[in-house]
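Working notes, structure below.
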Amino acid sequence: MNPPKTDARRHHDPDVRGFASDNYAGVHPEVLAALALANGGHQTAYGEDAYTENLQRVVRGHFGPTAEAFPVFNGTGANVVALQAVTDRWGAVICAESAHINVDECGAPERVGGLKLLTVPTPDGKLTPELIDRQAYGWEDEHRAMPQVVSLTQSTELGTLYTPAEIRAICDHAHERGMKVHLDGSRIANAAASLDVPMRTFTNAAGVDILSLGGTKNGAMFGEAVVVINQGAVRRMRHLRKLSMQLASKMRFVSVQLEALLAKDLWLRNARHANEMARRLAEGVRAVHGVEILHPVQANAVFARLPHEVGERLQKRFRFYFWDEAAGDVRWMCAYDTTEEDVDAFVAALKEEMAR
Ligand SMILES: Cc1ncc(COP(=O)(O)O)c(C=O)c1O
């Protein structure tokens with residue numbers, strides 16, 4: 001039962017939401033209920049529990065019979081462990097310059113994973129075979145870190161999407177050159193919901209070898225999983241996860257959250273809703289003269305350019321981030337719990353601030 005709003009232990013207003021990040025949202029009530037269900041009694045630690053076992057069945061239902069899930073604490077950890085699992089000590093990762101692994105992980109892939117990142121500038125956060133080729137060379141050159149994996153993000157950090165055919169073409173291109181493909185699926189649910197296809201269509205069916213499967217942005221309290229599709233990396237994963245401090249002892253509480261999202265359609269309901277709110281927001285913003293939408297709104301993010309001082313005034317009313325301070329670019333994220341009223345109030349506030 002929720003404590004009353006006046007409970008002295010509550011330090012925030014549970015009715016206030018903003019557009020800063022899908023990570024600002026709380027835990028979906030069905031995930032909280034699943035956590036309570038998994039509580040009590042003793043279960044074997046470190047992943048030998050009944051919830052993690054069941055998660056394997058659920059994950060195979062989504063990603064095929066060879067898939068194996070390795071629950072971890074967070075998305076950075078998932079990426080760092082997954083990338084190490086498909087590289088040698090001299091290996092390098094080709095990724096978009098805007099990739100989370102490059103700009104938002106404090107250098108963990110380099111410092112913790114020991115990986116060289118070979119980045120490519122992209123206008124929309126997406127790689128293509130041609131862009132990959134700017135870095136895909138020199139496999140025989142001992143002076144250069146060896147490109148061994150291409151890392152894609154779906155949906156991208158700029159709220160755009162790869163089509164399944166685009167991912168297929170990238171996987172074919174990478175595999176022909178002896179490279180593996182990793183997919184950062186921190187927002188994979190938003191991508192599948194928007195494309196209206198099962199997640200497998202643009203992962204295992206398209207040739208992706210290893211995946212960071214998101215849970216947190218989709219309504220979990222915390223927790224993601226590395227999903228190994230190409231079985232070659234399974235043996236490395238087990239040790240790498242522990243070595244990288246991502247092995248939860250009470251793993252049942254990570255697994256049960258992912259199970260709650262993925263076993264039925266909660267993942268899809270949450271993602272569809274967040275995407276729908278972003279579409280509504282984009283529509284509202286398009287009607288405001290002087291505000292430019294910067295990228296196609298294909299998932300749950302809206303990027304826009306507006307006068308800096310307007311952004312600053314608006315930030316006093318709603319939480320969100322500047323993406324590029326100098327240019328006046330902002331990012332507005334919707335979450336599973338964003339309401340139509342939130343969006344409409346935000347658009348009204350934007351109109352007011354633009355008119356001042
Ligand atoms: C594309 C992407 N990958 C991974 C992550 C996971 O990061 P964290 O380590 O904060 O869970 C995020 C979170 O913002 C993200 O946007």
Side-chain angles (χ1 to χ4, degrees), residues 18-27 31 70-84 93-113 115 117 119 122 124-127 149-162 167 181-194 199 202-203 208 210-227 241 244-248 254 257-258 261 270-271 274-275 278 295 298-303 319-323 330-336:
F19 295 86
S21 171
D22 31 11
N23 283 337
Y24 275 44
V27 185
V31 175
F70 293 83
V72 293
F73 289 111
N74 58 35
T76 300
N79 288 338
V80 171
V81 175
L83 291 170
Q84 288 179 87
V93 181
I94 299 177
C95 64
E97 202 171 60
S98 53
H100 198 266
I101 54 172
N102 186 44
V103 290
D104 272 320
E105 298 188 355
C106 193
E110 291 98 335
R111 301 294 299 270
V112 180
L115 291 157
L117 298 184
T119 63
T122 72
D124 56 1
K126 289 167 62 176
L127 290 173
V149 57
V150 173
S151 180
L152 312 175
T153 310
Q154 173 82 322
S155 54
T156 73
E157 290 77 1
L158 300 180
T160 54
L161 289 177
Y162 292 92
I167 295 189
V181 177
H182 163 255
L183 190 136
D184 178 346
S186 169
R187 296 190 181 89
I188 189 173
N190 301 90
S194 180
M199 291 186 281
F202 57 87
T203 52
V208 168
I210 196 161
L211 159 72
S212 302
L213 172 65
T216 313
K217 298 177 201 308
N218 191 228
M221 182 184 290
F222 66 93
E224 325 265 306
V226 174
V227 177
R241 179 175 53 174
S244 310
M245 296 164 280
Q246 286 288 326
L247 181 67
V254 182
Q257 294 182 66
L258 295 171
L261 290 170
N270 285 351
N275 292 351
H295 303 292
Q298 296 177 325
N300 60 327
V302 178
F303 286 82
R319 298 291 297 272
F320 63 87
Y321 289 109
F322 273 96
W323 212 244
V330 295
R331 183 189 77 164
W332 297 320
M333 293 297 301
C334 295
Y336 75 87

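First listed ligand is number 1; within each ligand, the first listed atom is number 1. Just so it is clear, the structure is predicted and the values come from calculations on it, not from any experiment.
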Open item on the list: Between His182 and Ser212, is there a side-chain donor-acceptor contact under 3.5 Å, judged purely by atom types and distance?
Closed with: yes
Tell me whether [X] has any N or O atom under 3.5 angstrom from an N or O of ligand 1.
X      : value
Thr76  : yes
Glu224 : no
Gly77  : no

- [ ] Could you see which bit of Asp184 sits under 4.0 Å from ligand 1, with heavy atoms only: side chain, backbone, both or neither?
- [x] side chain
Task: Donor-acceptor contact below 3.5 Å, side chain Tyr162 vs main chain Ala191 - done: no
Task: Rounded distance [0.5 Å steps], CG in Leu211 versus CZ in Phe202 - done: 8.5 Å
Task: OG1 on Thr122 to CG on Leu158, rounded to 0.5 Å - done: 6.5 Å
Heavy-atom contacts with [X] under 4.0 Å: which atoms of ligand 1 show up? List them by number with element.
X      : value
Arg187 : 16 (O)
Thr153 : 1 (C)
Glu157 : 1 (C)

Open item on the list: With a 4.0 Å cut-off on heavy atoms, is Thr216 in contact with ligand 1?
Closed with: no
Open item on the list: Tell me which one of Asn74, Asn79, Thr216, Asn218 satisfies side-chain hydrogen bond (donor to acceptor under 3.5 Å, both in side chains) with Glu224.
Closed with: Thr216
